Amino acid sequence: MTEHPPHSPGVDLLDVHRLRCAEAAPPALSPGEREAMEREWEEAVRANPSLFDGPTVLCTRLHWEEPGSLVLSWARAPYRYRALRRIPGARPVSSVSVCLVQPTDDGRLVVGRMASWTAAPGRWQLPGGSMEPPPGGAALDLAALRRHAARELVEETGVETPPEELTFWLVSRGEHGNVGFFFRAPARPARLLHERFAARAAAERARGVEPELDRIALVASAGDLAGLDGSHVDYLHPVVHRYAGTHRAG
């Protein structure tokens with residue numbers, strides 16, 4: 001087995017033909033690390049009371065079994081483990097997320113801006129979010145990732161797509177060693193995407209809930225990202241660049 005190279009500045013995009021997920025124990029914390037984590041988490045919640053310490057999936061290891069065959073070792077842990085990233089010298093914590101590549105009929109992609117109350121206010125990214133552990137102690141696999149991706153797509157954009165219509169496309173390894181699983185959705189008319197997003201946002205506000213994405217935009221190339229106000233998630237530029245190249249080639 002070949003270990004995935006250590007994370008370096010930038011993002012690695014991995015072409016994966018087979019995925020295997022193996023559950024592992026969560027990182028064992030020393031008393032000092034746990035105390036520091038609790039202190040940092042309390043400070044983060046004071047700064048942003050909307051933070052929720054729900055169950056999440058951490059990547060404990062990512063490696064190749066053979067060319068094109070990737071193994072994700074993962075653990076169930078509370079979201080507060082991410083506070084370890086703010087502690088100098090603490091063990092690294094890598095998250096797992098799903099991301100949706102939602103194209104329009106003319107090949108542009110939907111990107112969304114995170115709302116002011118989220119953990120990354122003003123940041124542009126693809127629809128998607130942190131992976132949650134499968135309920136009832138079930139195993140994590142590609143089908144579970146695909147179902148979660150379909151749920152994130154409708155929750156954030158209002159676009160309903162059956163999980164079986166989402167195509168597994170790429171895996172990214174980025175900041176803090178975070179792992180992203182990218183799924184391509186069927187192309188939709190741009191007008192429909194805007195209408196579904198507006199309807200979803202209006203429905204949430206009618207319930208007294210602020211949407212996680214406060215705005216969407218359509219981009220045709222990585223160069224279009226420069227015109228968006230705010231920061232970008234680390235994977236956005238290389239993923240949009242890769243998609244634009246494959247769209248032109250197709």
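Predicted model only: the values in this text are computed from it and were never measured. Nothing fancy with the numbering, it's 1 onward along the sequence.
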Novice: My understanding is that only one of Leu109, Val11, Leu225 makes a side-chain contact (heavy atoms from CB on, under 4.5 Å) with Leu236; could you say which?
Specialist: Leu225

Novice: Tell me, please, which residues at least two apart from Glu35 pass side chain to side chain contact (heavy atoms under 4.5 Å, CB included).
Specialist: Arg39

Novice: Would you say Val154 ends up clustered with Phe183 if hydrophobic residues are merged whenever their side chains have heavy atoms under 4.5 Å apart, either directly or through other cluster members?
Specialist: no

Novice: Looking at side-chain heavy atoms only, is the closest gap between Cys59 and Leu72 below 4.5 Å?
Specialist: yes

Novice: Is Phe168 reachable from Val71 through a run of hydrophobic residues whose side-chain heavy atoms are each under 4.5 Å from the next?
Specialist: no

Novice: Sorted by first residue and then second, give each salt bridge (charged side-chain N to carboxylate O under 4.0 Å, His left out) pair with at least one member in residues 121-139; sequence neighbours left out.
Specialist: Glu132-Arg151

Novice: Can you list the residues that meet the ring pair (Phe, Tyr, Trp, His ring centres under 6.0 Å) rule with Phe181, with sequence neighbours excluded?
Specialist: none

Novice: Under the salt bridge (Lys or Arg N to Asp or Glu O under 4.0 Å) test, which residues partner Glu42, sequence neighbours left out?
Specialist: none

Novice: Any chance you could pull the hydrophobic cluster mates of Trp41, using side-chain heavy atoms under 4.5 angstrom and chaining through other members?
Specialist: Val45, Leu51, Tyr79

Novice: Sequence neighbours excluded, which residues qualify as salt bridge (Lys or Arg N to Asp or Glu O under 4.0 Å) partners of Arg86?
Specialist: Glu40, Glu43

Novice: Does Arg76 have any salt bridge (Lys or Arg N to Asp or Glu O under 4.0 Å) partners at least two apart in sequence or in another chain, and if so, which?
Specialist: Glu23

Novice: Taking all heavy atoms of Leu193 and all of Pro103, pick out the closest pair and write down the distance.
Specialist: CD1-O, 4.1 Å

Novice: Count I, L, V, M, F, W, Y as connected when their side-chain heavy atoms are under 4.5 Å apart, and connections chain through other members. Are Val171 and Leu145 then in the same cluster?
Specialist: yes

Novice: Each residue besides Val93 in its hydrophobic cluster should be listed here, by chain and number; the cluster joins Ile, Leu, Val, Met, Phe, Trp and Tyr at side-chain heavy-atom distances under 4.5 Å.
Specialist: Leu29, Met37, Leu58, Tyr81, Leu84, Ile87

Novice: How would you list all residue pairs meeting salt bridge (charged side-chain N to carboxylate O under 4.0 Å, His left out) that involve residues 191-204, not counting sequence neighbours?
Specialist: Arg191-Glu195, Arg200-Glu204

Novice: Is the closest side-chain heavy-atom distance between Ser95 and Arg85 below 4.5 Å?
Specialist: yes

Novice: I need the minimum non-hydrogen distance between Thr60 and Ala75, along with the two atoms involved.
Specialist: CG2-CB, 3.9 Å

Novice: For Ala190, enumerate each residue passing the side chain to side chain contact (heavy atoms under 4.5 Å, CB included) test, keeping only those at least two apart in sequence or located in another chain.
Specialist: Thr104, Arg108, Leu218

Novice: Could you tell me whether the side chain of Asp15 reaches within less than 4.5 Å of the side chain of Leu170, counting heavy atoms only?
Specialist: yes

Novice: Taking salt bridge (Lys or Arg N to Asp or Glu O under 4.0 Å) as the definition, give me every residue that meets it alongside Asp224, ordered by chain and number, with sequence neighbours left out.
Specialist: none

Novice: Going by side chain to side chain donor-acceptor pair (under 3.5 Å), name the pairs with one or both residues in residues 154-171, residues two or more places apart or in two chains.
Specialist: Thr161-Arg188

Novice: Determine whether the side chains of Arg242 and Ser172 contain a donor N or O and an acceptor N or O closer than 3.5 Å.
Specialist: no

Novice: Got Thr56 and Arg82 here, is their nearest side-chain heavy-atom distance under 4.5 Å?
Specialist: yes

